[in-house]
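Below: the structure, in structure tokens.
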Amino acid sequence: MPITTAYAPPAIEHVSILQPDGTVDKKLDPNVPKEDLLQLYELMSFSRQWDHRRLKLQRQGRIGTFAPAHGQEAAQAGSIYCTTDDDWLCPSFRESVCYFHRGADPVDDLLYAAGFEEGMNIPEGAKVLPVCIPIGTQYTHALGTAWAEVKDGTQNVAITYGGDGSTSEGDFHEAVNMAAVLKAPVVFFIQNNQWAISVPRQWQTASETIAQKAVAYGVPGVQVDGNDLLAVIKATRDAVERARNGEGPTLIEAVTFRMNVHTTADDPKKYRTREVEAEWAEKDPIDRLRKYLTKKRWWNTKKQQEMEDRITARIDQAIEDFETRAAELRTPDYMFANAWVEDPPYLLKQKAELLAHFDQHGLPEGGH
Ligand SMILES: Cc1ncc(C[n+]2csc(CCOP(=O)(O)OP(=O)(O)O)c2C)c(N)n1
Ligand SMILES: [Mg+2]
């Protein structure tokens, strides 16, 4: 008798509530209060403008590289909204919306992007970890912080973020596996934005969904429309509740699309078509939410204009404050700062040589 090897992928729930035309599936509506929805809409709109302006600043050489959240605003805003300030935020490098939700100052964001470590000075006591550039390492940090909360006897949780590409890293598997074994209160929130720089999702894993990886670890896995704020809230709320109740971790896959560059060093025209980008533009998370709010008569063009003016003013002010602060911090020997508590002798010697050079020849054009 031949052995049957036919493979049936596990059935994974897909949550979708808010459609691209702004209509909702009322049975599933998580009934988010109006004021909260309006705040989330402004946060998402702010982030979109912020990315746009940051890109201009980078092209002008006024800041360095950064990773835009463009297209992923609903995934980030909806998920972080389901946590409180007592819960840990363990981000990767694209979660500017989550940082802003937790009260981060845009001036700090620009300072960090301009190479000033002062921009990543997280206030004492804030349960927010710094940007994590090495892919996937934040997952084990999340497990550690969540487990520490359990040991302290609290019901606080950790939410951690990463991309489709990061699920190929060992750290991801180690963290989900151990969190499952320990029943640690972690929400693993994967933003499947279809690309890991120029590597498409189908080269990343042979699994039909990323959510189904949860099955192997014995934890719930759910896939949501990541451009649907309400679906993201529904799935994350359930996952956070499970974690708080001691029922362990959940793996959420938010299906979304990186609408812009990976970082400022990337050119998506080299590896994807305009047609695909146009298809995803139809599913834009911000347009979708605006249509919903407008249908509810909670939003109109006057309010839109007032909000846009508010956002522009806030960004203009942040850029001005950033330039002032950067000019103060930008001393000739800044490159030696923030690496060592006490500089070793060879660095002290180099610093002295550099300063002597500037004394003799003056600073280069532009002062840095
Ligand atoms: C350990 C490690 N390997 C490689 C890189 C280079 N790198 C930066 S972003 C990235 C792709 C990440 O893709 P994904 O996890 O899907 O996140 P996305 O950028 O799409 O948000 C890579 C390979 C890195 N930062 N760290
Ligand atoms: Mg990705």
Side-chain angles (χ1 to χ4, degrees), residues 44 47-48 50-51 54-55 58 64-80 89-100 109 112-113 115 120 129-143 159-176 186-214 221 223-227 232 251-273 276-277 279-280 283 285:
M44 290 162 64
S47 174
R48 183 68 61 90
W50 186 244
D51 279 341
R54 283 196 295 178
L55 205 50
Q58 191 277 337
T65 195
F66 71 95
H70 187 165
Q72 300 176 218
E73 294 90 348
Q76 296 184 11
S79 51
I80 195 67
L89 164 60
C90 308
S92 66
F93 47 82
R94 200 180 290 288
E95 284 75 42
S96 37
V97 177
C98 300
Y99 275 118
F100 289 135
D109 187 54
Y112 181 70
M120 202 38 74
L129 297 193
V131 160
C132 210
I133 302 283
I135 304 298
T137 46
Q138 68 278 10
Y139 298 129
T140 43
H141 303 161
L143 169 60
I159 187 163
T160 182
Y161 291 85
D164 40 299
S166 75
T167 63
S168 300
E169 290 282 358
D171 303 59
F172 170 76
H173 301 279
E174 290 161 25
V176 183
V186 189
V187 178
F188 293 93
F189 193 92
I190 306 300
Q191 296 167 88
N192 170 7
N193 66 4
Q194 314 301 327
W195 295 93
I197 315 186
S198 54
V199 176
R201 150 72 183 80
Q202 63 272 23
W203 289 6
Q204 203 62 247
T205 171
S207 300
E208 207 167 293
T209 66
I210 288 174
Q212 76 194 54
K213 292 175 188 291
Q223 191 186 58
V224 292
D225 178 344
N227 288 8
V232 171
L251 175 62
I252 300 175
E253 173 189 3
V255 180
T256 180
F257 192 75
R258 166 172 48 79
M259 293 289 290
N260 210 311
V261 292
H262 165 75
T263 63
T264 55
D266 170 52
D267 178 6
K269 287 199 287 300
K270 297 257 191 287
Y271 54 82
R272 68 187 192 193
T273 64
V276 172
E277 291 179 358
E279 263 173 45
W280 279 94
K283 303 177 195 168

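All ligand and atom numbering here is 1-based and tracks the order in the structure. When a residue number appears, it is its place in the shown sequence, counting from 1.
Taking any N or O of Ser166, backbone or side chain, at least one lies under 3.5 Å from an N or O belonging to ligand 1. Inclusion of Ile135 in the set of residues having an N or O under 3.5 Å from an N or O of ligand 1 is warranted. Taking any N or O of Ala196, backbone or side chain, none lies under 3.5 Å from an N or O belonging to ligand 1.
Of all the heavy atoms of His262, the ones lying under 4.0 Å from any atom of ligand 1 belong exclusively to the side chain.
Each of the following atoms of ligand 1 lies closer than 4.0 Å to a heavy atom of Asn193: 18 (P), 20 (O), 21 (O). Of all the atoms in ligand 1, the ones that sit under 4.0 Å from a non-hydrogen atom of Gly163 are 14 (P), 15 (O), 16 (O), 17 (O). Heavy-atom contacts of Pro134 reach the following atoms of ligand 1: 26 (N) (cutoff under 4.0 Å).
Distances from ligand 1 to the non-hydrogen atoms of Arg94 include at least one value under 4.0 Å. Using a non-hydrogen distance threshold of 4.0 Å, Gly162 does not register as a contact of ligand 1.
The O atom of Trp195, the Mg ion (ligand 2) and the OD1 atom of Asn193 define an angle of 80° (nearest 10 degrees).
Looking only at protein heavy atoms, the nearest one to atom 25 (N) of ligand 1 is Ile133 O, 3.0 Å. Nearest protein heavy-atom contact of atom 14 (P) of ligand 1 is Gly165 N, 3.5 Å. Of the protein's heavy atoms, Ile197 CD1, 3.7 Å lies nearest to atom 22 (C) of ligand 1.
Ring pair Phe189/Tyr161 is tilted by interplanar angle, where 30° to 60° counts as tilted. Taking the six-membered ring where tryptophan is involved, the planes of Phe172 and Phe188 are perpendicular, since the angle between them exceeds 60° and thus also 30°.
The atom of Asp164 nearest to the Mg ion (ligand 2) is OD1, with the search restricted to N, O or S atoms.
Taking CD1 of Ile159 as the start and CD of Glu95 as the end, the distance is 10.0 Å to the nearest 0.5 Å.
Of the charged side-chain nitrogens involved, none lies within less than 4.0 Å of a carboxylate oxygen, so that Lys283 and Asp225 do not count as a salt-bridged pair.
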